[in-house]
Amino acid sequence: MSLVYPSFLWALGALAFPIIIHLFNFRKTTRIYFSNTRLLKQVKEETTQKRRLKQYLILASRLLFLFFLVMAFAQPFLPAKEEITGKQNMVIYVDNSFSMASPVAEKTRALDEAVRMAQNIVDLFPASTPFQLITNDFSPSSNSFRTRTEITDLLSQVKLSAVSRSASEILHRIREKQATIFWLSDFQKSTFGELTKSDSSLQIRLVPLTLEKYSNVFVDSVYLENQFAIGGEKNTLKVRLYNSGKKNVEGLVTKLSINGVQAAAASVNIAPNSITEVPFDIGSGLKGYNKAVITFSDFPISFDNEFFFTLNYTTKLNIIEIKSSAVPTYVEKVFGNKDVFAFRSFSTANLNYSLLANADLVVVSGIDRIEEALTTAINSYKKNFGVMLFVPGLQPDAGSYQKLLSIPITKSPPGELAELDKPDFQNPFFANVFEDKNSTIAMPHANRNIDWGADRSAILKFKNSQPFLSQFGKTYILASPLEKDFTDFFNNALFVPVMYRMAASGKRTGQTLYYSLTSSSITLASDSLLREEPVKLVDDREIIPSQRKVNSQLLLELPKDVLSPGFYKVTNKSDTIGLLAFDPDKNESLLGQMTGDEAKAALGGRNNISVFKANSPGTFSIEIKERYLGKPLWKYAIVLALIFLLAEVLLIRFLK
């Protein structure tokens with residue numbers, strides 16, 4: 001213990017006055033004469049001991065009153081654990097990720113508490129102390145040290161950020177060595193990152209904010225049941241909702257909106273620490289770029305109550321037809337929708353083999369004999385998971401067909417047109433094709449021109465179980481040429497959905513519905529881009545990300561410090577070439593916390609790391625002052641002085 005004004009201890013000499021008064025009784029006595037004093041002597045002997053005890057207690061109270069009164073003026077204090085110097089560099093990190101929107105007390109956000117604590121730190125140190133304020137945004141203002149006034153102004157501007165930072169990212173951001181770091185955070189387990197040892201030259205002060213224990217529901221993921229649907233086909237959206245709390249969530253109304261219009265709603269029950277999958281039907285007819293949002297009301301943690309994703313039906317499928325002549329075919333007609341397909345037809349004489357690499361579906365149609373060069377090119381295409389539809393010619397060469405298809409092929413003898421059997425509705429190939437699976441379907445007729453044996457899993461077959469359309473891996477084989485003498489399949493209602501489904505199976509990847517704000521880059525097709533114009537991301541502002549072309553793809557490096565949750569148009573000059581949806585990192589919604597001691601251990605557990613125990617700005621202010629200014633004790637001295645003064649009064653008044 002130390003004293004601010006030790007010279008006041010000279011006043012302790014005043015303690016002699018009560019002692020002198022006690023030793024010398026200055027009151028004048030009065031003599032009274034009695035005829036018999038025997039009774040008085042007995043009373044005097046009985047009361048003397050009580051009187052002496054009372055005098056001793058009063059003396060002790062007076063001495064202690066004077067002692068603590070003198071000590072109050074001397075202002076005792078416990079010395080500070082750490083010394084304050086004006087030359088000390090102070091770094092304040094305020095975690096402003098979305099999880100800091102969670103309450104730490106009734107109606108008080110963790111971020112607001114952290115900002116108030118940071119202000120206490122700034123106010124404590126001398127005005128000449130250089131400060132650096134770092135938030136998850138890693139803004140340019142956090143690159144240098146600033147004055148107290150500038151830091152106070154920056155603290156007033158701190159807002160929630162969609163960016164999550166791991167501990168290693170934060171330590172890497174602090175370039176100044178020999179600095180003291182105040183780390184104000186909720187220390188989420190899900191975002192802290194891997195264990196990392198801090199630099200021993202840094203003095204790290206961890207200030208954990210303890211969040212209130214609430215259940216939190218958030219969207220874990222969304223996906224389409226048929227991710228290869230084309231042209232706005234009917235589909236089902238699956239939404240996975242996760243309840244990270246320890247209580248049941250019942251009757252959570254979850255809504256799906258598309259282009260600002262509510263499309264569906266469902267009431268959901270979710271067990272603790274579990275996922276529930278909610279299906280929403282998406283009707284046919286959607287075209288172009290569509291903005292979709294999943295919303296629900298989960299109070300009080302509401303930063304993750306919206307989930308953004310896109311339904312884009314603008315990507316065209318590349319279809320290449322290879323035929324024997326330049327005469328138009330039924331294949332060209334069925335893939336003639338230019339909004340859905342990029343169709344090109346070549347005769348065997350003018351085919352550019354290099355185009356096969358980018359094709360989603362190659363249709364070999366009506367060629368009697370397959371040349372060796374074409375066989376080699378198509379087999380190379382199939383090795384890269386390419387999809388092929390093979391339609392035989394009028395005069396098939398079974399040997400060349402067999403080399404291309406890698407299955408035994410024979411020429412079928414001439415026959416008559418026969419009706420096909422109804423399709424197997426349980427076959428995944430026909431999923432979402434038929435509205436009413438019990439309805440009567442008019443089936444096409446056909447006459448087989450080639451044969452490859454029995455196939456119980458054929459997509460379409462004759463009533464005698466012989467295959468008409470079979471699938472072998474990524475290769476589809478039709479038994480008849482698309483000619484009137486061999487089939488009327490091209491005029492049947494099944495023709496378009498079957499051809500579309502084969503084309504859809506050739507999509508190399510399904511559409512990406514959304515991206516996380518933690519994504520470092522995304523890839524877009526660059527076929528129609530103007531080289532001299534950069535691609536921009538546009539919402540209520542324009543962002544030009546770093547970009548470069550890799551083969552036929554455009555790689556965009558995402559500036560996650562700038563992006564926020566929501567939708568962004570991808571534009572090239574005046575054209576909109578895409579629509580992207582971004583959502584916060586779902587790890588932000590997992591609110592499990594590390595204790596201060598656990599965070600210290602994760603950072604290496606060295607002596608240069610200490611933990612503040614305070615959990616509110618008021619208690620933090622007291623704790624930080626005790627650590628850097630010491631603990632003043634004069635208030636306690638005043639209280640004790642008043643207690644002993646009161647004790648003296650009570651002893652005189654009531655102790656007889």
Side-chain angles (χ1 to χ4, degrees), residues 1-23 54-88 90 92 105 113-129 131 148-149 151-152 155 180 182 184 203 205-209 596 610-655:
M1 185 179 71
S2 302
L3 300 172
V4 178
Y5 303 109
S7 58
F8 272 99
L9 293 180
W10 290 103
L12 290 176
L15 295 176
F17 293 107
I19 297 174
I20 293 172
I21 293 171
H22 178 77
L23 293 176
K54 177 179 179 179
Q55 290 174 349
Y56 287 144
L57 290 175
I58 292 173
L59 176 61
S61 299
R62 287 172 178 171
L63 291 175
L64 290 171
F65 164 70
L66 290 174
F67 173 78
F68 284 112
L69 184 63
V70 172
M71 293 302 293
F73 282 98
Q75 294 193 21
F77 66 92
L78 296 176
K81 298 178 183 178
E82 299 182 37
E83 184 180 357
I84 293 179
T85 62
K87 297 180 181 179
Q88 199 170 4
M90 293 292 167
I92 302 174
E113 295 281 86
V115 170
R116 282 194 284 269
M117 289 179 175
Q119 189 61 56
N120 287 336
I121 298 170
V122 174
D123 294 339
L124 176 69
F125 290 91
S128 59
T129 304
F131 293 96
R148 175 192 288 180
T149 303
I151 289 296
T152 299
L155 281 172
T180 299
F182 287 90
L184 294 89
Q203 297 299 313
R205 307 291 174 252
L206 304 179
V207 187
L209 291 100
S610 60
V611 181
F612 280 85
K613 303 299 182 182
N615 55 9
S616 70
T619 55
F620 176 74
S621 177
I622 295 171
E623 186 175 353
I624 194 173
K625 287 178 180 178
E626 289 179 0
R627 178 173 294 201
Y628 288 97
L629 299 179
K631 184 175 183 178
L633 303 176
W634 63 269
K635 292 182 181 179
Y636 300 100
I638 289 179
V639 171
L640 290 171
L642 293 174
I643 289 174
F644 287 113
L645 179 61
L646 178 62
E648 179 185 355
V649 173
L650 294 176
L651 288 170
I652 295 172
R653 178 70 177 82
F654 296 104
L655 188 60

* Just do the side-chain contact (heavy atoms from CB on, under 4.5 Å) check on L184 and I121 with the steps written out, would you? => CA-CA 11 Å; L184 294 89; I121 298 170; 4.2 Å; yes

Just verifying a value: how many Å separate [X] [atom1] and [Y] [atom2], rounded to the nearest 0.5 Å?
X	Y	atom1	atom2	result
L124	Q119	CG	CD	11.5 Å
F620	K613	CZ	NZ	13.5 Å
I151	D123	CD1	CG	12.0 Å
Y56	L651	OH	CG	15.0 Å

Using residues 639-647 as the side-chain source, report each donor-acceptor pair under 3.5 Å to any protein atom, sequence neighbours left out, with the distance given to one decimal.
none

* Identify the two heavy atoms, one from G596 and one from V611, that lie closest to each other, and give their separation to 0.1 Å. => O-CG2, 3.5 Å

* Asked: What are the two closest non-hydrogen atoms of E623 and A614, and how far apart are they?
  -> OE1-N, 2.8 Å

* **Pair S616, R116: side-chain N/O donor-acceptor within cut-off below 3.5 Å** => no

* **I92 and V122: CA distance, side-chain angles, deciding distance, side-chain contact (heavy atoms from CB on, under 4.5 Å) verdict** => CA-CA 9 Å; I92 302 174; V122 174; 3.8 Å; yes

* Asked: Does the side chain of W634 come within less than 4.5 Å of F73's, by heavy atoms?
  -> no

* Asked: Do the non-hydrogen side-chain atoms of F182 and L206 ever get within less than 4.5 Å of each other?
  -> no

* Could you walk me through whether R148 and T129 pass side-chain contact (heavy atoms from CB on, under 4.5 Å), step by step? => CA-CA 7 Å; R148 175 192 288 180; T129 304; over 6 Å; no

* To do: Take R627 and F612, measure what side-chain contact (heavy atoms from CB on, under 4.5 Å) needs, and give me the verdict at the end.
  => CA-CA 10 Å; R627 178 173 294 201; F612 280 85; 3.7 Å; yes

Which atom pairs, one a donor and one an acceptor, fall under 3.5 Å between side chains of residues 60-68 and the rest of the protein, sequence neighbours left out?
| residue | atom | partner | partner atom | Å |
| --- | --- | --- | --- | --- |
| S61 | OG | L57 | O | 3.0 |
| R62 | NE | E648 | OE2 | 2.4 |
| R62 | NH2 | E648 | OE2 | 3.3 |

* Counting only N and O atoms by type, is there a donor-acceptor contact under 3.5 Å from the side chain of S621 to the main-chain atoms of P617? -> no

